[in-house]
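The sequence lines fix the lettering, A, B, ..., with proteins before strands; numbering per chain opens at 1.
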Number of protein chains: 2
Amino acid sequence: MKTHTIVIVEDHILLSQAIASLVDSFKDFSVLYTCKNGKELLTKLKTPNNIPDIILMDVNMPILNGIETTEIIKNEYPEIKVIALSVEENDVTIIKMLKAGAKGYLLKDVEKDILELALIETIKNGYYHTKDVSNILINSLNDDDSGKIQLKDREIEFIIHTCSEMTYKEIAEKMFLSPKTIDGYRDNLFQKLNVKNRIGLVLYAIKNGIYKL
Amino acid sequence: MKTHTIVIVEDHILLSQAIASLVDSFKDFSVLYTCKNGKELLTKLKTPNNIPDIILMDVNMPILNGIETTEIIKNEYPEIKVIALSVEENDVTIIKMLKAGAKGYLLKDVEKDILELALIETIKNGYYHTKDVSNILINSLNDDDSGKIQLKDREIEFIIHTCSEMTYKEIAEKMFLSPKTIDGYRDNLFQKLNVKNRIGLVLYAIKNGIYKL
DNA sequence: AATTTAATGGGTGTTTTTCCCCTTTTTTGA
DNA sequence: TCAAAAAAGGGGAAAAACACCCATTAAATT
């Protein structure tokens, strides 16, 4: 049986190397190389013979994150299968990643045997999902506010400023809008996101990666 | 040369196993066993022949976190050397961990060679520190609000409620205190933590693990 | 061309938050 | 045990946040 090649994209070097060591210990898989972020990966892929069978991709990375990178891979290298690897159990993130074209989504607290199984199944069937992730997906489909909340750029900008300990007056100045418009943004978002006050906005923003700590 | 034994304490199983695979590939080290949290570790340590030379300890874990666990290890098994392993670059966390008795603090984005070096040096000298962490420590010593911020239980309770989208009136009722006392808590904390408003409290709480999303 | 929808902003009021200065009670430590 | 410090509570006022109303304009739909 031939050996399949894996590329690992993960910004924490130690984890990257640790997972590489693990993958290399699997019977039919070997690590081709590792990258620290999406940008580095795209550069490497341009070189011939650098195309792996599977990419293990972290979701949260600087420079070019897993979602954006996967999107690009799907379009430019559709034959490569991407498996997301993340601590994020967040519904929205998982859905985004799968929409972007990931063939699987592994939470970082799975066993190594599951990782090996995921690699094997992905080679064989083209995809693999754990029960955990499947359940999250099913729940989120029944859930009102999972996929469909779509914030506008201007609203996101407003939220980020709110998270930065600014008053609405200050935000209005920064965004070149009347305080009254900001009032409207706030009222709107409170309703749309179902929160009670600014704190709720901040929590939402952090949970959904809109505002980074 | 004899082989030194390592125990890994890390809640994300895959990472735990991946790091184990890495450590086992080092010349003079082998993994004795792995644990998912501090509680599990303390149970295992009670069995004879389960005492490792070094414990690689994650800082953020459920049940019994790295700081508390390290504190206990220091008192009960002072001969075991604990090296903290974390993504947290947060000054306060690092200082807490070192105060608790950790002999080293590795950020999760170090190279595997550094991990091996840290293990070797810790066996040889009893401690190891990367330049990164040393710099953070030096900076934090010159910094006013690094190590000395010590929140009282009641203050932490107040902050958690603030993070829960409650008004101060509601918090006062919940904590059986006068709204005016809550006023005092707030004023105090704003000054102590150097924030401008409730949002600042929320950010501080999330950054420092006081409030979990 | 007519209608809807989205973005902007105004008016007016209530509630909450924030700030500053103060007293009383309880706890702590020397 | 006595003084100091910390915790709890208070008054009053200004600022900010929140709620709900509605008007205008521009853009998108139909």
Side-chain angles (χ1 to χ4, degrees), chain A residues 92 144-208 210-211 213, chain B residues 92 96 99 144-208 210-211 213:
Chain A
V92 181
D144 311 336
D145 52 60
S146 55
K148 59 178 163 235
I149 290 190
Q150 193 58 37
L151 298 182
K152 285 136 202 143
D153 288 356
R154 209 71 173 142
E155 286 178 327
I156 287 175
E157 199 182 332
F158 163 75
I159 289 181
I160 290 173
H161 288 140
T162 304
C163 291
S164 310
E165 298 182 59
M166 290 169 77
T167 68
Y168 294 134
K169 206 205 287 183
E170 289 168 337
I171 296 174
E173 282 169 19
K174 196 122 201 167
M175 292 180 68
F176 300 105
L177 290 173
S178 146
K180 275 296 165 187
T181 307
I182 294 296
D183 250 50
Y185 275 57
R186 185 203 53 220
D187 291 356
N188 227 338
L189 283 169
F190 278 11
Q191 213 219 320
K192 200 192 293 199
L193 304 180
N194 189 35
V195 298
K196 293 174 64 180
N197 51 37
R198 285 176 308 154
I199 305 277
L201 286 188
V202 172
L203 297 178
Y204 178 90
I206 294 173
K207 275 183 197 159
N208 292 279
I210 293 170
Y211 183 78
L213 287 173
Chain B
V92 181
K96 273 189 190 162
K99 267 191 188 161
D144 310 338
D145 52 59
S146 55
K148 57 179 164 233
I149 290 191
Q150 191 58 37
L151 298 183
K152 285 139 202 138
D153 288 356
R154 210 71 174 143
E155 286 179 327
I156 288 176
E157 199 183 331
F158 164 76
I159 290 182
I160 291 173
H161 288 140
T162 304
C163 291
S164 310
E165 297 183 59
M166 290 168 77
T167 68
Y168 294 133
K169 206 204 288 183
E170 291 167 335
I171 295 174
E173 282 168 21
K174 197 126 202 163
M175 290 180 69
F176 301 106
L177 288 174
S178 146
K180 274 300 172 182
T181 307
I182 295 297
D183 248 54
Y185 275 59
R186 185 204 53 222
D187 290 358
N188 228 338
L189 283 168
F190 278 13
Q191 213 220 321
K192 200 191 295 198
L193 304 179
N194 189 31
V195 299
K196 293 173 63 180
N197 52 35
R198 287 176 307 153
I199 305 276
L201 284 188
V202 172
L203 297 178
Y204 178 89
I206 294 172
K207 275 182 198 160
N208 291 278
I210 293 171
Y211 183 78
L213 288 173

Checklist entry - Taking the nucleotide of DNA chain C with the closest heavy atom to each, which residue, K169(B) or V195(B), is nearer the 5' end? => result K169(B)

Next on the checklist: Quick check: any donor-acceptor pair below 3.5 Å linking the side-chain of K180(A) to the base of dT12(C)?
Outcome noted: yes

Checklist entry - M175(B) and I182(B): which non-hydrogen atoms are nearest, and at how many Å? => result SD-CD1, 4.3 Å

Checklist entry - With a non-hydrogen cut-off below 4.0 angstrom, is R198(A) in contact with a base, only sugar-phosphate, or nothing? => result sugar-phosphate

Checklist entry - When the distance from CZ of R186(A) to P of dT16(C) is rounded to whole Å, what number comes out? => result 14 Å

Next on the checklist: Could you check whether the side chain of D183(B) and the base of dC19(C) have a donor-acceptor pair of N or O atoms closer than 3.5 Å, going by distance alone?
Outcome noted: yes

Checklist entry - So which heavy atom on K196(A) is nearest to which on F190(A), and how close? => result O-CE2, 3.7 Å

Checklist entry - Under 4.0 Å: is that the gap between some side-chain N or O of T167(B) and OP1 or OP2 of dT15(C)? => result no

Checklist entry - Could you state the NZ-P distance from K196(B) to dT17(C), rounded to the nearest angstrom? => result 18 Å

Checklist entry - Is D187(B) touching bases, backbone alone, or none of the nucleic acid, heavy atoms closer than 4.0 Å? => result base

Checklist entry - Any ion pair linking E155(B) and K192(B) (charged N to carboxylate O, less than 4.0 Å)? => result yes

Checklist entry - Within this structure, what is the CG-to-C1' distance between D153(A) and dA6(C), rounded to whole angstrom? => result 15 Å

Checklist entry - Could you give the CZ-to-P distance, from R154(B) to dT26(C), as a whole number of Å? => result 16 Å

Next on the checklist: Mind checking if Y185(A) touches a base, just sugar-phosphate, or nothing, with heavy atoms under 4.0 Å?
Outcome noted: sugar-phosphate

Checklist entry - Quick one: I199(B) CD1 to dC18(D) P, roughly how many Å, whole number? => result 8 Å

Item to check | E173(B) side chain to E170(B) backbone, donor-acceptor under 3.5 Å | outcome: no

Checklist outcome for this item: Taking for T181(B) and for Y168(A) the nucleotide of DNA chain D with the nearest heavy atom, the one nearer the 5' end belongs to T181(B)

Item to check | Check: M166(A) main-chain N/O paired with S164(A) side-chain donor or acceptor under 3.5 Å | outcome: no

Next on the checklist: From NZ of K152(A) over to P of dT5(C), roughly how many Å is that when rounded to an integer?
Outcome noted: 13 Å

Checklist entry - F190(A) CZ to dC18(D) P: how many Å, rounded? => result 4 Å

Item to check | I182(B) CD1 - dT15(C) P separation (whole Å) | outcome: 21 Å

